[in-house]
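The structure appears right after this line, and notes come after that.
The shown structure was predicted, so the numbers you read here are calculated from the model rather than taken from an experiment.
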Amino acid sequence: MKKYDVRSCTILRKNRLTGDIYDVTVEAGLLAEAARPGQFAQIAVPGKTLRRPISICEIGAAEHTLRFVFQVRGEGTAILAGFEPGEALDVLAPLGHGFELGDTSRRVLFVGGGIGLPPLLAAARTFGANASVVAGFRSRDAVILRDDFEACGCHMMIATDDGSLGHHGLVTELLSGLAFDAVFACGPLPMLRAVSALAAERGVPCQVSMEERMACGIGACLGCAVSLRGPDGAERYGHVCKDGPVFDSSILFL
Amino acid sequence: MKKYDVRSCTILRKNRLTGDIYDVTVEAGLLAEAARPGQFAQIAVPGKTLRRPISICEIGAAEHTLRFVFQVRGEGTAILAGFEPGEALDVLAPLGHGFELGDTSRRVLFVGGGIGLPPLLAAARTFGANASVVAGFRSRDAVILRDDFEACGCHMMIATDDGSLGHHGLVTELLSGLAFDAVFACGPLPMLRAVSALAAERGVPCQVSMEERMACGIGACLGCAVSLRGPDGAERYGHVCKDGPVFDSSILFL
Amino acid sequence: MANLNVSIAGVEFKNPLIAASGTFGFGHEFSELYPLSALGGISCKGVTLEERPGNPPPRIAETPAGMLNSVGLQNPGVDHFIRDDLPWLKRQGTEVIANIAGNTLEDYCSMAEKLSETAVDMVELNISCPNVKQGGVQFGTSCAGVEGITAAVRKYCRKPLMVKLSPNVADIAEIAAAAESAGADVVSLINTLTGMRIDIRTRRPVLRNNTGGLSGPAVFPVAVRMVRQVFRRVKIPVVGMGGVSSWSDAAELMLAGASAVQIGTVLFRDPYAPLKITEGLNRYLDENGVKNVSELTGAMREW
Amino acid sequence: MANLNVSIAGVEFKNPLIAASGTFGFGHEFSELYPLSALGGISCKGVTLEERPGNPPPRIAETPAGMLNSVGLQNPGVDHFIRDDLPWLKRQGTEVIANIAGNTLEDYCSMAEKLSETAVDMVELNISCPNVKQGGVQFGTSCAGVEGITAAVRKYCRKPLMVKLSPNVADIAEIAAAAESAGADVVSLINTLTGMRIDIRTRRPVLRNNTGGLSGPAVFPVAVRMVRQVFRRVKIPVVGMGGVSSWSDAAELMLAGASAVQIGTVLFRDPYAPLKITEGLNRYLDENGVKNVSELTGAMREW
Ligand SMILES: Cc1cc2nc3c(=O)[nH]c(=O)nc-3n(C[C@H](O)[C@H](O)[C@H](O)COP(=O)(O)OP(=O)(O)OC[C@H]3O[C@@H](n4cnc5c(N)ncnc54)[C@H](O)[C@@H]3O)c2cc1C
Ligand SMILES: Cc1cc2nc3c(=O)[nH]c(=O)nc-3n(C[C@H](O)[C@H](O)[C@H](O)COP(=O)(O)OP(=O)(O)OC[C@H]3O[C@@H](n4cnc5c(N)ncnc54)[C@H](O)[C@@H]3O)c2cc1C
Ligand SMILES: Cc1cc2nc3c(=O)[nH]c(=O)nc-3n(C[C@H](O)[C@H](O)[C@H](O)COP(=O)(O)O)c2cc1C
Ligand SMILES: Cc1cc2nc3c(=O)[nH]c(=O)nc-3n(C[C@H](O)[C@H](O)[C@H](O)COP(=O)(O)O)c2cc1C
Ligand code: FES
Ligand code: FES
């Protein structure tokens, strides 16, 4: 198997999770075998020059499936949302550097905000009951993947901005009481900043999944630059599609 | 009713007539009321900058329908062929100057080659049994609209290039024995030339439907120029979309 | 409801949407669809001193997200325009811009003089048409050329004078500055980029004129860049165009520096585009609490 | 099966498909998908004398049928390229073109000298990069600039020298002629057209560098026109690029005058594009009884 490849992937299942978030599972053949938690795919959009980067939410290694959960944000994702089961997506995957899972018997913390949840699910599954998942949403209506994380055995806590479900406020306000040996996070920048600061304070490693605008998705065009702190402390550009999307938060300038 | 307008027209029926020729009937509201034989429509194609000009093949005045019969020639028509009943086409119609039918009790001749047939059907219908229709096709497999013309009561003669149906040879070879007071033609240039020469010889009027690449379709952009012979005999540019698509062959440089 | 009115060189446009020259004829055909008063203004098909036949067909080719045209200034001549088209146009309740092109400097001056006697609201100097052999673009691609013709026409033109710039240049800001210094009241940009397509079956150019002018969404990023460059360089108002096809494109071009926006190619796909764009702009302004559309002009913040 | 081989300035390309500089890195990433020997050649990411960090992100914006990039020549420096990338590349069975860019004339000469000692098959002089403050495009938009730098580099360059031209000029044929007269063996065109997009919510340019280079199908008609203009003006071979995304586009650019075709942006949508285009060209040649692909070069007939 190639490290990554292009494949026409038939859609097996498609659901709308909330107003604008779609859940699509495709038959992905060898791509699914090669995929690891935290990696992503570049999905072609008819009529668009560039593919759209979407994280791999789940890997069905046995059935050779990949699951994508994405939000309609602009024209490209709107077109993708129009695809139906039986039709095929043109997928380039698996791409990038996913989560370093390490010892899965550690107690770990997953922190996700809204559409930042999907990239965490495959990794959380490997930790099962050892994972605490703290998830933040706008409101009760915006909650996604709750059942999925719970089905993995994870301990799930929810915060909503409007208090319509769980804690009324920020996810970060739920973290202080928790004990953990490592953190995995994905979501808005302020959240990542707070989580990474907490991890640093506790002296535990923290991995976060980043986004940047992409062209090639494989490291050839140098489009998706991200500032990284080098071993010498100096700033240099790495690339989200190849060096990431998952980075140790200590080398990021969040 | 406006002279022409844009309308989202739901597809009621769609059939494939031959390998690459499609027959689409749409619900067209007032556009159908305004339409006359020989006029055309500009149909928008998703993802394309320009609309595609397609002749009005039939006008269902009572049911408010328009029928289009078109061949897949490039990307635009291929996309249009993918539309299914229930979906809507974005149609600007009726456009241009159609056939001058005149006295429908005259004996008239319709001459069409292949995809040149559809623009003639609505006009032929008004003449019924007074119309002789001479139609040329590549082969038996390429024959279209035969039943339609016959259902109008027209007297139909067919020629095929390979002799697999009707006369083996050119449509023009079928014309010499026929008597007629006027000619209506649409098809490849050599055919139009021959037909128009014959009409001139017999001293009967000949109207032909022309094609040119279009942008606006309504006469504003001056894109679809065609050389016309002015009353003084001098050459000047007219426009297919406004002055045509139907012209008296005596003013064309064929 | 926000105020969509824009004032450019003393001319009041009721909204910043102007039909681009050559895509709207003299308005008759579109008036079958909606009252022309829906538009801020109309830049008429380019006219020349004498009637012109234009280029032989085919004149139109489609390209990715765009099109080529080589109409080549087919028009009935300036006198015919003044006599037969202008009176009707002036009754439609929209500002009328006469777009003029010539073979020679004298042609331009003579047309400007004639139009100064009429009811046209503004004169647009088309020195950037790529589709004619003589005149047009050769005046428009050097600073000296632009300065010379603008200064000459200025002497004869008692209407607000807008100079339309070609994008087929290395430094459009310098060209705009030349127009400004020679007395232009407004610059408009961009005209079409010169392009070509070839039919690989016949091995002939698709256009009978070989080359044509590229317009439509494909050129929009170039238009935004050039409008910004020119906005930063000159003090006179900039009218932007090139590939605008939605209200957000119009807003984008205004943020870049346009005081008003012309739309052309989008009309072929959607003749109702001006109405939709005006409506969309209105909603955007209201949602963002912007009182006057003119506040958008140049409001982009550079990094 | 037609002969796809093309010979340009003494370099034999097994087919006319060359990966465009900056879109293919140094080949490693694409070699995961197919053997690089499928390509006629690879124009490597532009290198500079010293390592460069490139521009801050965002560096990519999508546009209608195109994209903007402002990567800004992020690269590890020419020495690193020669030491770490070139040996591997040379083993892949394809022609290797070094694309060089500099701040100063001396930079260019020094790189050309270094590369002349290596196994690179050709040097491509990038004097047309719009995304760097110094060097790059300022050399590329005047005849004097192009002539000066080409003549200087020529003295140090013992490899076939290809000069890559910017489309952001009024007369690209004159620029090409300047390169030819100063000793270029080949010209390649087009580099990107400068463009900009603005985020109407933030009122900031989408690209952190404000402007970027436009590439992709949107620019194809401009590329065809410029390749034709240059082909008619110079005697040296022309390598064409700009928006090629299918075999028929490649054929079209060759008919316009290209001896070979570079492809860039299409790779992002379809990394297998070079294979498909080569296959399509092959079929087209066979169907039309053309024995050598090079017979297409310039075979368009003007009207
Ligand atoms: C590694 C990675 C993983 C991602 N995973 C997911 C996911 O699992 N689910 C999900 O809903 N979204 C995910 N995103 C964000 C998603 O890629 C964007 O929402 C999407 O590209 C927007 O495309 P559009 O055409 O709808 O929006 P538009 O704004 O119209 O897109 C215009 C251009 O900008 C790019 N772009 C816009 N927003 C982003 C963004 N946030 N990140 C990168 N490029 C962007 C688009 O790809 C396109 O090239 C991920 C992004 C990255 C980089
Ligand atoms: C007044 C008129 C009536 C027509 N009626 C019919 C009809 O009833 N049935 C039918 O099958 N065809 C008809 N045509 C031809 C039809 O418009 C073209 O086949 C169609 O536009 C091809 O589009 P495409 O995208 O598939 O091809 P492409 O070649 O990809 O099109 C590229 C561009 O060229 C234009 N173009 C290509 N061929 C023609 C052509 N022959 N005439 C005008 N423009 C062309 C396209 O509209 C488009 O702008 C008519 C043309 C005209 C002008
Ligand atoms: C068919 C056509 C004809 C045109 N004729 C003229 C003209 O006569 N005078 C002129 O100044 N510009 C002319 N233009 C250029 C447009 O006014 C405008 O500058 C250009 O098309 C870019 O805008 P757009 O992308 O919105 O069409 C013409 C454009 C098209 C498409
Ligand atoms: C992301 C990106 C990076 C580029 N970097 C370079 C470069 O380093 N040197 C160069 O000469 N051209 C560079 N180019 C320009 C391309 O080589 C090519 O000239 C241009 O993209 C047009 O071709 P295309 O439309 O096929 O992409 C770059 C283009 C892109 C899209
Ligand atoms: S997207 Fe090309 S390097 Fe990351
Ligand atoms: S297509 Fe515009 S005038 Fe005919």
Side-chain angles (χ1 to χ4, degrees), chain C residues 56 61 63-68 137 140-142 166-171 193-205 207-212 214 216-229 243 245 248-249 251-256 284 288 296 299-303, chain D residues 56 61 63-68 137 140-142 166-171 193-205 207-212 214 216-229 243 245 248-249 251-256 284 288 296 299-303:
Chain C
T63 70
M67 62 174 281
L68 294 173
V137 81
T141 53
S142 77
S166 167
N168 300 297
V169 297
D171 187 347
L193 275 159
T194 307
M196 179 157 84
R197 288 305 300 268
I198 303 166
D199 182 330
I200 64 168
R201 280 167 309 127
T202 61
R203 298 189 172 188
R204 289 279 192 192
L207 300 177
R208 189 66 175 68
N209 188 51
N210 296 312
T211 58
L214 180 65
V219 308
F220 183 63
V222 176
V224 174
R225 183 261 295 183
M226 289 189 164
V227 164
R228 185 66 184 178
Q229 266 184 298
S245 55
S248 61
D249 292 345
E252 197 170 329
L253 215 46
M254 291 190 74
L255 289 168
Y284 166 75
N288 290 274
L296 296 182
M300 182 200 99
R301 298 172 303 149
E302 235 115 316
W303 284 108
Chain D
T63 71
M67 61 174 285
L68 294 173
V137 82
T141 52
S142 77
S166 167
N168 301 294
V169 297
D171 188 347
L193 274 160
T194 307
M196 178 157 84
R197 290 303 304 265
I198 303 165
D199 182 331
I200 64 168
R201 279 168 311 125
T202 62
R203 299 189 171 188
R204 290 276 195 196
L207 300 176
R208 190 65 174 71
N209 188 52
N210 296 312
T211 59
L214 181 64
V219 308
F220 182 64
V222 176
V224 175
R225 184 261 295 184
M226 289 187 163
V227 164
R228 184 66 186 177
Q229 267 184 297
S245 55
S248 61
D249 292 345
E252 197 170 328
L253 216 45
M254 292 190 73
L255 289 168
Y284 166 75
N288 290 276
L296 296 182
M300 181 199 99
R301 298 171 304 148
E302 235 116 316
W303 285 107

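- Of the residues considered (C/V224, C/L207, C/V222, C/I200), C/I200 shows the highest number of contacts with chain D, using heavy-atom pairs under 4.5 Å.
- No donor-acceptor distance shorter than 3.5 angstrom exists from the side chain of D/R204 to the backbone of C/M300, with no hydrogens or angles considered.
- Closest non-hydrogen pair, C/T202 versus D/R301, comes out as O-NH2, 3.2 Å.
- Highest contact tally toward chain C, considering only D/P221, D/P64, D/G216, is held by D/P221 [criterion: heavy-atom pairs under 4.5 Å].
- With a threshold of 4.5 angstrom between heavy atoms, D/D249 approaches chain C through side-chain atoms but not through N, CA, C or O.
- When each of D/A218, D/A223, D/P167 is checked for heavy-atom pairs under 4.5 Å with chain C, D/A218 comes out on top.
- Note on C/A251, C/G66, C/P217: by heavy-atom pairs under 4.5 Å with chain D, the leading option is C/P217.
- Chain D forms more heavy-atom pairs under 4.5 Å with one residue of C/R228, C/R208, C/E302, C/R201 than with any other, namely C/R208.
- Of all non-hydrogen atoms in C/E252 and D/I198, the two that sit nearest each other are OE2-N, 2.8 Å.
- Checked options D/N210, D/N168, D/L68; the residue passing with C/R225 is D/N168 (criterion: side-chain contact (heavy atoms from CB on, under 4.5 Å)).
- Across C/G195, C/P56, C/A65, the residue that shares the most heavy-atom pairs under 4.5 angstrom with chain D is C/G195.
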